[in-house]
Amino acid sequence: MSADTELGAPARLPLFKALARLIPYAQKDFPRILLGALSALGASIVALLIPTALEWIVDGPIASGATRAVVWGALAVLGLGLLEAGLVWLRRWLILAPATAIEYNLRQKFYNRLQKLPIEFHDRWQGGQLLSRMMQDLNVIRRWLAFGLIMLVVNLLTVVIGSVMLFQWHWALGTIFVVSGIPLWISALRFERTYGRLARMSQDQQGDLATSVEQSVHGIRVLKAFGRGGHALKNFREQAETLRGTEMRKAGAIARVDFILVLMPELAFAASLATGIWLAAQGELDIAQLLAFFAMATILRWPIESIGFLFSFLLDARTATDRVWEVFDSVDTITDPEQPVSIPEPRGALAFEGAHFRYQDARDHEPDLLDGIDLALEPGETMALVGLTGSGKTTLTTLPTRLYDVTAGRVTLDGVDVRQLRLVELRTHIATAFEDATLFSASVRENVLLGRDDLDIASDEAERVMNEALAVAQASFVYELPDGVDTMIGEEGMSLSGGQRQRLALARAVAARPKVIVMDDPLSALDVNTEERVQAELKRVLAGTTALVVAHRPSTVALADRVALLQNGRIVEVGTHSELMARSADYRSVLSSFEDEEREESAQRTDPTSAIDIIQEADR
Ligand SMILES: Nc1ncnc2c1ncn2[C@@H]1O[C@H](COP(=O)(O)OP(=O)(O)OP(=O)(O)O)[C@@H](O)[C@H]1O
């Protein structure tokens, strides 16, 4: 999902309701936050007392020439200053822990949510958008809770209390100060509308930018190989320019409101000065009161000026909360059933019964990609699934483990609808090995034993399971790596070849010891001989395991017990390879397309040899 396509963005909540969603996360630390707020308020009140102390010093000891009392007065002002600093420190100390705890809890929940949300959600959302929400937006929320929220409340209160105190010296001076505040409120309301929109735009564009960085780092090899670095940079620059434009507009909006926030107190100051001097000349105000008034007006300047910044911070936090909650509120369609059924000892009978599936972005007039699949695998049987490119084979392999749910019909394991099993149990019984072998930046051992959290990774049993799985997957190359099975493999296994990655992914599926294994062409990057060895080992080790294997090679098909042909969203033929060869023209045509592909591949492989032949021929 990008900034331009806010699919399913929920209706915008009012400001306070939007931020109130943070309350449950702050509840535990509420006493500490309250104490922090009280410290901040205490610091402001102490600051507001200083003008009154000054008035007392000027009016009393200075007027009467009592030097000792002046010193005591100065010490009292110093004491108030120190107390204010102490309370500010206390506020920071009290708030830091709850704010970081709230950020930590939200981040945990966010990560957990990303793990739980179905693939359908991840199809729609860009990685960078999720990353920026998880890191940047949560950071904004933490900083706002730790500083912005409290300072906004405290500074507003300070302005209100300070304005009331101004009236004690003269009503006219107080009135000038309060009336000059009216344009501030009007600008703040207008600011909310413009800035709120810009803040959302900017945060979304930052997410888009993060996506671009992520994609170009991810695809750096392709970009380099095709010399498209310049093109990627141009796209990136355009996006960065757009973001810069939005940031400039944001800064412009802040500058406009700041202009009023700085100008109005200045004007109020000038008007108060003129009025104060006139009132003093009239004898309605003495010099001590005038001094105290201006001291108070000076103290109130920062709280007034800061309101623009704090208000924009409030709107940033609101946008960040909206963006985080868009992920929290995303509907998780693939969940555990309310009344789960368990299959303690599964036999491994996997069946598709009238299974339909269509992707969420399929157009209305398109038929379902899987349009009524009926296929039953006997326990322990190996079934190859063949079909033309794009016929939906990969999609079909995602249904048994509920990476996607069928849109109609059902998939069953031992006659139980897979939606009736708890996801953890389902995914223990059925394992998947994908063609696109994703590995994690962890050791070989951790990658292979990923599906075995029942085993202590340091135990002998874990070692045995891992070695057996590596042997089945013909992955003995790992023992030659610098630290053997403890070698860290780079991000997504980038330091390994495609075939090596596939073998490790297969070893991972084997180590999980499932009752059913679904393999989406997991051996495509292996040469035919290695593939045959892997197949033979698989048959031996997973003797009682049911296997559904998407196949692109005649050799893989020939090793299967039976073959199913997927065409136009349905299984149109099921039988042994030789039966289908004999009776199905469609099957023969698909197989001959595989053979063509294989010939092309082997022609590419033999090209260098032919080149040598030609050179040798020329030398003769
Ligand atoms: N996440 C997705 N969202 C929308 N459409 C998708 C998605 N994944 C695949 N498709 C579409 O579904 C169709 C079937 O794709 P699928 O990968 O299942 O085919 P396949 O038979 O495995 O192909 P191949 O043999 O090339 O691997 C394709 O037209 C593809 O564009």
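One-based numbering, in listed order, for ligands and for the atoms of each.
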Subject >> Nearest atoms (heavy-atom pairs only) where L421 meets R402 >> reply: O-NH1, 4.5 Å
Subject >> Non-hydrogen protein atom less than 4.0 angstrom from atom 30 (C) of ligand 1 >> reply: no
**OP:** Return the set of residues passing side-chain hydrogen bond (donor to acceptor under 3.5 Å, both in side chains) with R318 (not counting sequence neighbours), or none when no residue passes.
**Re:** D322
Subject >> ligand 1 atoms in contact with L369 (distance to a heavy atom under 4.0 Å) >> reply: 12 (O), 13 (C), 14 (C)
**OP:** Take V563 and V386 through the side chain to side chain contact (heavy atoms under 4.5 Å, CB included) test and state the conclusion after the steps.
**Re:** CA-CA 7 Å; V563 192; V386 299; 4.0 Å; yes
**OP:** Name the closest protein heavy atom to atom 26 (O) of ligand 1, giving the residue it belongs to and the distance to 0.1 Å.
**Re:** T389 CG2, 3.1 Å
Subject >> Closest candidate by heavy atom, reference atom 22 (O) of ligand 1, pool D361, L370, T394, L388 >> reply: T394
Subject >> R533 atom CZ: more than 12 heavy-atom contacts under 6.0 Å >> reply: yes
Original post:
How close does the nearest protein non-hydrogen atom get to atom 1 (N) of ligand 1, and which residue and atom is it?
Top reply: D123 OD2, 3.1 Å
**OP:** Identify which of G390, G569, G387 has a heavy atom lying nearest to atom 14 (C) of ligand 1.
**Re:** G390
Original post:
Between Q500 (side chain) and S497 (backbone), is there a donor-acceptor pair under 3.5 Å?
Top reply: yes
**OP:** If you have a sec, work out which protein heavy atom is nearest atom 19 (O) of ligand 1 and how many Å separate them, to one decimal?
**Re:** G392 N, 3.4 Å
**OP:** Considering non-hydrogen atoms only, spot the tightest contact between S202 and L243 and give its length.
**Re:** O-CD1, 3.6 Å
Original post:
Which of the numbered atoms in ligand 1 are below 4.0 angstrom from a heavy atom of T395?
Top reply: 15 (O), 16 (P), 18 (O)
**OP:** Please lay out, stage by stage, how Y404 and D123 fare under the test side-chain hydrogen bond (donor to acceptor under 3.5 Å, both in side chains).
**Re:** CA-CA 11 Å; Y404 293 97; D123 284 345; 2.4 Å; yes
Original post:
Which one of Y359, F357, Y404 has a non-hydrogen atom at the shortest distance from atom 7 (C) of ligand 1?
Top reply: Y359
Original post:
From atom 12 (O) of ligand 1, is the closest protein heavy-atom distance below 4.0 Å?
Top reply: yes
Subject >> Option of least heavy-atom distance to atom 21 (O) of ligand 1 (set: H552, H122, K393) >> reply: K393
Subject >> Full working for side-chain hydrogen bond (donor to acceptor under 3.5 Å, both in side chains) between S342 and E425 >> reply: CA-CA 8 Å; S342 177; E425 182 179 338; 3.1 Å; yes
